[in-house]
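Encoded as structure tokens, the structure appears first; notes follow it.
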Protein chains: 2
Amino acid sequence: MDTTQERTEAQDLPYNAFAKACPSRGTLEHVTGRWGGLTLGALYEGSLRFNELRRRVDGVSEKMLSQTLHALQRDGLVRRDAQPTNPPRVDYELTPLGRGVAERLLNLIHFVEGQMDDVLEARVRYDETRGAL
Amino acid sequence: MDTTQERTEAQDLPYNAFAKACPSRGTLEHVTGRWGGLTLGALYEGSLRFNELRRRVDGVSEKMLSQTLHALQRDGLVRRDAQPTNPPRVDYELTPLGRGVAERLLNLIHFVEGQMDDVLEARVRYDETRGAL
DNA sequence: CGGGATCCAAGCCGATACTG
DNA sequence: CAGTATCGGCTTGGATCCCG
């Protein structure tokens, strides 16, 4: 049990996202960023080519997808497999580490999707009371 | 069938975050946004006051915390409990819905924290090969 | 203490054009 | 097909000041 009131909540763990300087925050932001999560989610079903991915992640621009992919690749979550053919063919797939992240992410995504009716209802109630002012 | 080109695009599932127009994307962004995840995570252990929360979520500004809290409250994930005392006391706590989201979020956060050594190592490898150019 | 309002810098991100 | 480079608008988000 916890006698001290100062809980860092992870005295035994080396990384703590709640601390400003922790590097896990950066990775978390790549992963939960606007396109990071959807990109990892899309790749969970299997490897995809650049433009396939673009169509899957509806609304992402070339630039942002490219940027997102680079960040994820650098963090070791995505692997890039380029064949020097003509026309070029480049496949992106999750690393084992990426699969672990994507799994948790999809878990969250699906949960939220499943609760959207409640969320939308809550919004209406909120806007009724607050928006009336 | 769908003769018009304006597709509501979720014939089998009610919500699909991969579709550009799906409202779940908005909620997902509140939840996975820069401060949303950490805020929900911090509240998972119990209700907190505004400035307690601010200290927990290291680095967040008043403005962003306030903004984040409003969005989460509107989505029905956080409840605000204000006592009209002097000085004022306002407690924030998760709703049952918020607990469900926070659980999945913490799952992701802890997983990433646990893999940071691998991530950092991957970054070094990436920078060695690509940064050398 | 618990915020709201404002100003301003940094960056996110899309559109476009170009390369291999 | 698979990207990179650049420009520019719009948003994000921090700092500051203010109020109940």
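Proteins get letters first, then strands, A, B, ... in listed order; numbering begins at 1 in each.
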If you compare every side-chain N and O of A:S66 against the phosphate oxygens of D:dT4 (OP1, OP2), does one of them come in below 4.0 Å?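 The answer is yes; a side-chain N or O of A:S66 sits under 4.0 Å from OP1 or OP2.
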Would you say A:H70 places a side-chain N or O within less than 4.0 Å of OP1 or OP2 belonging to D:dG3?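 A:H70 to D:dG3 OP1/OP2: no side-chain N or O under 4.0 Å.
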Keeping the roles fixed (side chain from [X], backbone from [Y]), state whether a donor-acceptor pair exists under 3.5 Å.
X     : Y     : result
A:E52 : A:R49 : yes
A:D58 : B:K20 : yes
A:S47 : A:L43 : no

Of residues 79-92 of chain B, the positions that come close to DNA chain C - non-hydrogen atoms, cut-off under 4.0 Å: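 B:R80, B:P88, B:V90, B:Y92 - these, ordered by number, are the residues of the stretch whose heavy atoms sit under 4.0 Å from the strand.
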So which heavy atom on [X] is nearest to which on [Y], and how close?
X     : Y     : answer
A:C22 : A:A17 : SG-N, 4.2 Å
A:R89 : A:T85 : N-OG1, 3.8 Å
B:V60 : B:M64 : CG2-CB, 4.0 Å

Between [atom2] of [N] and [atom1] of [X], the distance in whole Å:
X     : N      : atom1 : atom2 : result
A:L65 : D:dT4  : CG    : C1'   : 14 Å
B:K63 : D:dC17 : NZ    : P     : 16 Å
A:L48 : D:dA2  : CG    : P     : 11 Å
B:R34 : D:dG13 : CZ    : C1'   : 7 Å
A:M64 : D:dT12 : CE    : P     : 13 Å
B:E62 : D:dG13 : CD    : C1'   : 13 Å

Any base atoms under 4.0 Å from A:G33, or only sugar-phosphate, or nothing? Heavy atoms, all strands.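 If one applies the 4.0 Å heavy-atom cut-off, A:G33 turns out to touch nothing in the nucleic acid.
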Does either side chain, that of A:D75 or that of B:Y126, offer a donor lying less than 3.5 Å from an acceptor on the other one?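 Per modelled atom types, A:D75 and B:Y126 side chains form no pair under 3.5 Å.
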Please find the earliest and latest nucleotides of DNA chain C, in the 5' to 3' direction, that have an atom within less than 4.0 Å of any heavy atom of chain A.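 So the contact region on DNA chain C extends C:dC13 to C:dG20.
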Should the pair B:D127-A:R74 be classified as a salt bridge under the 4.0 Å nitrogen-to-oxygen rule?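 Salt bridge: yes.
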If you draw the axis of the six-membered ring of B:Y44, does the NZ or CZ of B:R99 fall within 45° of it and under 6.0 Å from the ring centre?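 Satisfied, under 6.0 Å and within 45°.
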